[in-house]
Structure formats: structure tokens, C-alpha cells
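Worksheet: the structure to be examined is printed underneath.
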Amino acid sequence: MPICISCKGKTFIRDDITNNLACSTCGRLQEYDNLVDQYGGINGPTGTFVSVGTTGTGNVYSYKETKIYEARKLIDDVSLRLGFSPSESDDVKRMVATITEGEYGQGNWFNVFVGACSYVGMRRDNKSLPISEVASVIGSDAYELGRMIMRVVNFLDLKKPNFPEFDIVNLFERTLRNSHSFADVEGDKVQRMKKQGIFLMHCAMKWFLTTGRRPLPIVAAVLVLVAELNGISIRIEELAKEIHAVVHTSRLRYRELLQALVKVAQALPWGKDITVKNVVKNAPFVIQYMERKAMSKPSKKQDLEGGVGLDLGDVVRDCLRKDIGDGTDMMSFEDDSETEMEKLKLAHQSRYFEAEDGACALSVDNVDKLKLSHECLSMMYSKFLDEVGNVKSSGGLKEVRERKKRRGFELHACTEWWNGKSALSRRLLLKEILEKDVGLDVVPPSFVNGCVTVKKRREKINAAKLRIDKIMHPLNAHSDDSIDTCTSEDVHTTKKRKRARGIDWEDLIIETLLLHRVKEEEIEKGWYNVLLELHVFNSGIV
């Protein structure tokens, strides 16, 4: 029964003029009382206040037409913000229409769905588009977008080769091309940075720095390193935020890349002087060594000469010279001239790469008889450093007169160190990348971390077995006090839940599994929840 909206009365009379109900107590007309229902489907009569089939005042489009119009407008907006071409935008529209059977949609889920179709469309065309960038455009979470991408892939039944793997090299090129940080860089330098970046990206793939990890942080790390090598100042924090990468992870990948370069540099005669702090300054020599190492063919001679196929006569002659000057012009060595010392070191380091294919004349008759190992080169380089140190500490020596043919001091290795002729500077398959030799062969970091974790669990298992044996057989217990025999009751009485007398929650779980006769090989895998569910809670032992 209706109730008056004014006085809450329940008695009404019908008004003759408006045909609405009026309260018999206060006389208030009740609104929307004479609504005529719709009968007969879409062709039936229209109600008094509601016009079925329209979307509001001034609009003659139907609900479905308006929904499709708004959906296509959203697709165009997302495509524009992602930088799609008209053909790529049309592909997204066709994909959306195919999956929804022409119905499209509305709401937040449809925004995520459009982003997922955009990512799948680019991935299907072998064009790398990071998920984080799409998520920032549609205003969604990356994990929610990833789940929608999997649903789209499963619905379309996309498999190789129609759905290729993510191309991280293509992502690097796209980031370098679209980044605002490199908008003012000259075209020649951009092409140079592109080849250098592809080379380093392939090396990172060979060193497993990209295996099982998100691609954007390593792309940011390589871009920052390449920018520094070409004299472009850019902070990794700014670049990471621009390309929607995690700043902390980008710093971590950058440090891992520098550590890998330090390991490669150990093959050079001066490799022991290269650390993470100064490897960027020595990166031209390290990358030049890696490039020539990748282009060289393995042979017995190259193994004896450092593996790069170089003619080392020039560097040997320079290191054994009594006068340390070579190509400098009246250089003075004062007590505070650290920069001049660094220039001399760089000059002799550049000599390591200048003599190639017998271009320099040697003081020996047969170059092939010159068999030098890394230890020999390191000894000569140490001798050179001692000579430079003696010149610096002499104090009385103000100038070193050079040859009569005077020429300006130029660091050839710092300006023309990049060759770009290596195959790693071009696109290669993963199998071809792994076959190349760049001076360093490592195992995946995840494998190393897994081995370390398994070793720690093995130590915990052995310690737990000793504790259990000491409690169950106290007469046979060792007198060693270093073994902790803390029980679970002692742990619960402490306020600190993380550690109690050196025993944490993982030790207690291992003890429980061992008491339930779980195999040690299964415990080493670390699936504690599954093992507890199978052997403890469902074992029937109270």
C-alpha cells in the first residue's frame, strides 16, 4: 500500500485533472503514480514519464549504439596515448569486437580489457610494449592487467609462432627512440648508442641478467651506461620513472651490469685495478676487449696472447721503455698531478688495443715467436706503474722532454674505441648469443642463489638432527655447548618471535618434519606448507 511522502498517510483519492493520487489528509499529490507499463516488446506503447529505448534528453541513439560509440572512443584514446598507428588501433578494435562478439562493454573492466588487447596486439606483431606502460595509461594495476592478458591469450588460443616471446632488444630500441631524455641527442650519436646498447643487451642476456626478470630495469641500466659512455648526463632515477620501471630494481640491475664488466676486465693486464667504482671510466677498454673477443676465432695463438688476436709488440715495447713519455708534449709531473698520471695510464692501456694485425713494427724478427701470457702482461704493467710512481716521487723532475716530432696528447681509446663490427651489435637469436665468447661465462644468478639456499637448508637439517638426537638420547649427547637445544616451549615463552637462542621458525618447522619422518631431499626443496599439509596435519598423529 502506498504511503504519503508528506504526512505518511495511507488514504488517497484520485485527482480528476492530473489523474494522480492525492492524500486525503494533507492533499499532497503523489509523484510518478500514473506510470504506464511497457507491453508488447519493443514496439509496444511508451510510458508517460519513461521513454524506453533512448538514453536521455536530446539523444536519439539507442543504448547499444551509445555503448559502442563510447567503447570505440576509449580505444582511440588508449591507442593515441600508447603511440599506436591507425592500423594498430584498428587491429585492437577488431580484436575487441571479436572477443565481445560486437557487444563491447562499459566500466573499469572494459578499460583493463582494452589495455590487454593493446598489449596482445603489439606482442603478436613482435613489437615490445611493457605491461607497466599500458597499466599507467589505463589507470590499472599491472597484476590485474596481466590476468586479463592471460584470459585474452587463452581465448584467442595464441601460441608460437603467432605469439612470439617478449623481445627485450626491441624494447631497448623503442625506449631509446621514444625517451624524452634523448630527444636532443644528434642522430649519429643515437645510432652509435643504439649499437652499443644492443651489444650490451646481448651480453646481459648471455650473462643471464635478464632471465626470469622484468625487462624494464635492465633496459634502464643499459641506457644509463651507454649515455655515460657517450658523454650524456642522466640519472637512473629519472629515466626509471619515465619508462615506468622500479627505481630500486633499476639500480640493482645497473650494479649487476657493472659487476659483470669488472669480471670481464680481470682478463686485461690492468684488470686488478678495475673496480665497480671506476669501471665506467675503463668501460671503453673493457667493451673493446669484449667486442674483439666476440669477433676472434679461438686458436692456440690467441689463447697464449690473451684471446683477442692482438699484436702485443707495441705494448711490450712501451712498457719496457725507460722513458715513460710517449706522444705527450712537455708534461710536468708534480706532486698533485693525479690527472696526468691517469692520462699516462690510459695512454698505455690504449696501446693494448692499437697494435692489431701486425700494423706496428716490432723489434723482434718473428712476431709469431712472441708468446705472452696474462701473467707476463700484468708483470710488465706493474713495472710501468712503478716507473710512473718513481717519476712522481722524484720531485726534481719537472719536465719530460719527448721526441723531436711533437704531437698533441689524445686519448685515442676514449674517442674512437667503438668499432661496431661485432655480430653482437646486430639482432641475433638466443642460441647465437650463447655461442659467442665475450670473455665471461657465468651461470644464472637464480641458480647460484638456489644452490646457496639449499646449502643453508642442509645445514639447518643437520643442526636439527643433532638437537633431536641430543634430546632423545641425552646420554649420548655431545658436550659441545655450541649446539642449541632450545625446544618449542622455550620459543613460545620469549617475546621475540623471530629468533630465540639462534633458532627461528624455519628450524622449528624442519624439526617437526623430521619427527614426522619426512625425507630430507623433500625438505631441502623448501615447500614447507605443502609438506606440513601432507605429513603433519593429515598424518593422524596427534
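All figures in this text were calculated on a predicted structure; none of them were measured in a lab.
- In summary, the side chains of Asn278 and Thr275 do present a donor paired with an acceptor at a separation below 3.5 Å, with no hydrogens or angles considered.
- A 6.0 Å sphere centred on CZ of Arg72 holds no more than 12 heavy atoms belonging to other residues, nucleotides or ligands.
- For Lys67, the NZ atom counts as densely surrounded, since its 6.0 Å shell holds more than 12 non-hydrogen atoms of other residues, nucleotides or ligands.
- With hydrogens and angles left out, the side-chain atoms of Glu242 and Ser179 include a donor and acceptor closer than 3.5 Å.
- More than 12 heavy atoms of other residues, nucleotides or ligands lie within 6.0 Å of CG in Asp77, so this atom counts as buried by the packing criterion.
- The local environment of CG in Asn529 is sparse, with at most 12 non-hydrogen atoms from other residues, nucleotides or ligands closer than 6.0 Å.
- Contact check for Ile232 versus Met193: side-chain heavy atoms found under the 4.5 Å cut-off.
- Enclosure of atom OH in Tyr69 is not indicated, since only 12 or fewer non-hydrogen atoms of other residues, nucleotides or ligands lie within 6.0 angstrom.
- By the 30° and 60° cut-offs, the orientation of the rings of Tyr119 relative to Phe166 is parallel.
- Taking 4.0 Å as the cut-off between side-chain N and carboxylate O, Lys93 and Asp76 count as a salt-bridged pair.
- Using a 4.0 Å cut-off between charged nitrogen and carboxylate oxygen, Asp167 and Lys127 do not count as a salt-bridge pair.
- When the shell of 6.0 Å around CD of Glu101 is examined, it contains 12 or fewer heavy atoms from other residues, nucleotides or ligands.
- Each of Leu531, Leu532, Leu534 was compared with Val518 under the side-chain contact (heavy atoms from CB on, under 4.5 Å) criterion, and only Leu531 meets it.
- Here the options are Lys263, Arg251, Arg213, the test is salt bridge (Lys or Arg N to Asp or Glu O under 4.0 Å), and the partner is Glu256; only Arg213 passes.
- With no hydrogens or angles considered, no side-chain donor-acceptor pair links Tyr104 and Glu70 at under 3.5 Å.
- A salt bridge is defined here as a Lys NZ or Arg NE, NH1 or NH2 lying under 4.0 Å from an Asp or Glu carboxylate O, and Lys519 with Glu521 fails to meet this definition.
- Within 6.0 Å of atom CZ in Arg458, more than 12 heavy atoms from other residues, nucleotides or ligands are found, so the atom counts as buried in its surroundings.
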What side-chain donor-acceptor pairs closer than 3.5 Å can you find for residues 140-156, not counting sequence neighbours?
residue, atom, partner, partner atom, Å
Asp141, OD2, Tyr143, N, 3.0
Tyr143, OH, Arg214, NH2, 3.1
Asn154, ND2, Met150, O, 3.0

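- Within the 3.5 Å criterion, the main-chain N or O of Ala220 finds no donor-acceptor partner in the side chain of Ser250.
- Considering Lys460, Lys465, His516, Arg467 as possible partners of Glu511, the one that fulfils the side chain to side chain donor-acceptor pair (under 3.5 Å) test is Arg467.
- A 6.0 Å sphere centred on CH2 of Trp527 holds no more than 12 heavy atoms belonging to other residues, nucleotides or ligands.
- Between Ile243 and Glu133 there is no side-chain heavy-atom pair separated by less than 4.5 Å.
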